[in-house]
Amino acid sequence: MWKRKTMKKRAVAAMKSGYWRMISVCFLIAMLTTSYSVSTTFLNLQIPSGSQPPDAAYTPNIPNSEVLLDMAARIFDGTPLDGISRGIPADISSILVDLLSTNISVFFSSLRAVSLFLSDGPDITLIFPFAGILFVLFYLLFVNNILLIGEKRFFLENRKYERTPISKIFFLYKLRWVRHPAWVMFCRSFFLFLWGLTIIGGFIKHYQYVLIPYILAENPKISRRDAFSLSKQLMRHNKWKFFLFDLSFLGWKILSVFTLGVLDFLIVNPYIAAAKAELYANLRRNYVLSRSPGYESLNDSYLEHVPSEDELLISKALYDDSQGPYTKISYFEPHQYPVFLFSVQPPLKAVKSPVRADRKYGFLSFLFLFQAFSIFGWLIETFFSLINSGGFLSDRMLIGPWIPLYGIFGVLILLISRRLIRMPVPVFVINVLLYTLLEYISSTVVELMHGSTPRDYSEFFLNLDGRVYLGGSITLALLGCAFVYYLAPRWTDMFLRIGHVKRTVLCIILYTLFLSDVIFALLS
């Protein structure tokens, strides 16, 4: 038996010891996956001005609500429902549809592609939007679902280990154990989709399979059949209780909507995630103690029992002859889960030296990183432009593969965050402020030179003079953190391996091409 109040009290206790880490994990999951859609809706919410043509449902950044209304208008064209579908207020549709949906959706990606096909007919550019559907599917399978399992792992460990690192959400990537959990999660999503067609069956099966991500977080090697079976057994006679447990957070969710999602980020998401981790721990504990069928698959005893230092030393000695690389080279940190005792060990080639985000960068390294991040930014924006609009970037001044704003942003954030590198939350806030300032200045300069801004964000709910909006700044701030903590150190290591002369020649070539492109753009 379990009580909702008990689970919530334990969740509050867990939040007291790891509040900022829990917020950071939920924030990353909200931004990188389809979870917590209410939290991120207001960051990217658009309020259409009415100038968008009705057949332009496949343009960059168009909200899901407009795509849905456009498709409804096409389907009901010429029928008695035509006037109704066209008469729905755009602002209401934006709030209702966009609040409950995400941009990472096979359904809405498919609608966009079909809408473009109906608008323009067969065309070679259709390959890009239809490729976007495959990309979204790939993202959901191998990024979205894997990170969701990582989130569950973080909260399960955080119950007992107060220094559980934020990077735990990437633990399956570190173990190089992705395909099997991705397959199990795909089967879960597929079965839920089929059962969802029956409405009531979908509701029941949702709660019957709700613990599968937690089971995979504990035992990533578990078979698909056993994962489904265990979730069914654990939720037997508990589905209605779990539903009431979810319902008990409804007031928090409604209150979060009135705070534009801020309360979600600061309190609600980590509170709910911690409470559900406590619930799973309670259910699995009772199941294991009762020796119920298949309990052997719930084999991670260290989620409940924190080993003493003597136990760790003995275990380390006993496991020294095993094949897992963690048992040979890993050290154990106090108040962290002993990774060398985990049931899944990564291949030896996957165990790399830790990234030194606090390293020093030389002058040539900064020159190289400016170019690397400028080109990296061009690749990212070109890719999403092809996927979203079916064409290449059309608002660029330079011919070559550079977006200097990314390079300037990357170099400045490296310089500014040097003394704060061990405090990721302040570094992230600085990233947001710095990118907002840089994009606002660059947009103003381009408008003074050419009479128009490169991009108009005036339809976004949280924008600044139409030059920059909060959702974009937060997305680029996350990319900036990835640059500071991982990409820049790794790219610098690669750059330093090629020798001083080659490094100098490479920088001369890159900057000759780049400056030539800039001069040509200014003269044209």
Side-chain angles (χ1 to χ4, degrees), residues 60 357 359-389 391-418 430-431 433-455 467-468 472-473 475-524:
R359 65 170 301 151
K360 295 182 179 179
Y361 298 93
F363 179 70
L364 273 182
S365 296
F366 275 118
L367 291 179
F368 168 75
L369 289 174
F370 170 82
Q371 292 287 336
F373 210 46
S374 296
I375 296 172
F376 184 65
W378 178 86
L379 290 173
I380 290 177
E381 296 214 6
T382 298
F383 175 77
F384 283 104
S385 177
L386 289 172
I387 295 300
N388 289 334
S389 60
F392 289 93
L393 296 171
S394 59
D395 55 356
R396 298 183 62 249
M397 297 174 58
L398 301 181
I399 299 174
W402 294 280
I403 299 184
L405 180 63
Y406 281 81
I408 296 171
F409 173 59
V411 170
L412 285 179
I413 198 60
L414 280 178
L415 293 170
I416 295 173
S417 63
R418 183 183 303 175
I430 292 173
N431 268 271
L433 296 176
L434 179 61
Y435 182 79
T436 301
L437 179 63
L438 286 176
E439 184 164 21
Y440 190 91
I441 292 175
S442 65
S443 179
T444 303
V445 171
V446 171
E447 183 177 19
L448 292 174
M449 294 174 60
H450 298 277
S452 62
T453 58
R455 296 177 186 177
R467 304 180 190 280
V468 62
S473 295
T475 301
L476 266 296
L478 288 175
L479 185 61
C481 287
F483 179 68
V484 169
Y485 288 100
Y486 186 80
L487 295 178
R490 288 295 187 198
W491 287 349
T492 302
D493 288 341
M494 296 170 57
F495 180 62
L496 294 177
R497 291 195 194 110
I498 65 175
H500 180 73
V501 175
K502 292 181 180 179
R503 294 199 299 268
T504 304
V505 171
L506 177 61
C507 287
I508 291 174
I509 293 174
L510 287 174
Y511 276 90
T512 299
L513 295 173
F514 173 71
L515 293 175
S516 300
D517 198 350
V518 171
I519 294 172
F520 178 79
L522 292 175
L523 295 177
S524 60

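Not measured: the values here are computed from a predicted model.
- T382 places no side-chain N or O within donor-acceptor distance of the main-chain N or O of L379, the cut-off being under 3.5 Å.
- With a 4.5 Å cut-off on side-chain heavy atoms, D493 and R359 count as touching.
- Between Y435 and S473 the shortest heavy-atom distance is CD2-CA, 3.8 Å.
- Contact annotation: the side chain of L369 never approaches that of F495 to less than 4.5 Å [non-hydrogen atoms, C-beta and beyond].
- In this structure, Y361 and P489 have side chains that are in contact, with non-hydrogen atoms separated by less than 4.5 Å.
- At least one side-chain heavy atom of V505 sits less than 4.5 Å from a side-chain heavy atom of I509.
- F366 has its side chain within reach of L415: a pair of non-hydrogen atoms, C-beta onward, lies under 4.5 Å apart.
- Between F376 and F373, the ring-plane angle classifies as parallel under the 30° and 60° cut-offs.
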query = Can you check side chain to side chain contact (heavy atoms under 4.5 Å, CB included) on F483 and L414, steps first, answer last?
reply = CA-CA 9 Å; F483 179 68; L414 280 178; 3.7 Å; yes
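- Of all heavy-atom pairs spanning R503 and L496, the tightest one is NH1-O, 3.2 Å.
- By the 4.5 Å heavy-atom criterion applied to side chains, I413 and I430 are counted as neighbours.
- Y511 and F370 have parallel rings, their planes meeting at less than 30° on a 0 to 90° scale where 60° marks the start of perpendicular.
- A distance of 10.0 Å separates CD1 of I375 from CZ of F514, quoted to the nearest 0.5 Å.
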inquiry  = Evaluate V468 against S443 for side chain to side chain contact (heavy atoms under 4.5 Å, CB included), listing each step before the verdict.
reply    = CA-CA 8 Å; V468 62; S443 179; over 6 Å; no
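- The number of heavy atoms from other shown groups lying within 6.0 Å of CZ (F520) does not exceed 12.
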request  = May I have the step-by-step check of side chain to side chain contact (heavy atoms under 4.5 Å, CB included) for K502 and L506, ending in yes or no?
outcome  = CA-CA 6 Å; K502 292 181 180 179; L506 177 61; over 6 Å; no
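- Between L479 and Y406, the closest side-chain pair of non-hydrogen atoms falls below 4.5 Å.
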message = Could you walk me through whether F368 and T492 satisfy the side chain to side chain contact (heavy atoms under 4.5 Å, CB included) test, starting with their C-alpha distance in whole Å, then the side-chain angles of each, then the deciding distance to 0.1 Å, before giving a yes or no?
response = CA-CA 8 Å; F368 168 75; T492 302; 5.7 Å; no
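- Taking each heavy atom of A357 and Y485 in turn, the nearest pair found is CB-CD2, 3.8 Å.
- Atoms CG and CG, on L434 and L412 in that order, are 5.5 Å from each other to the nearest 0.5 Å.
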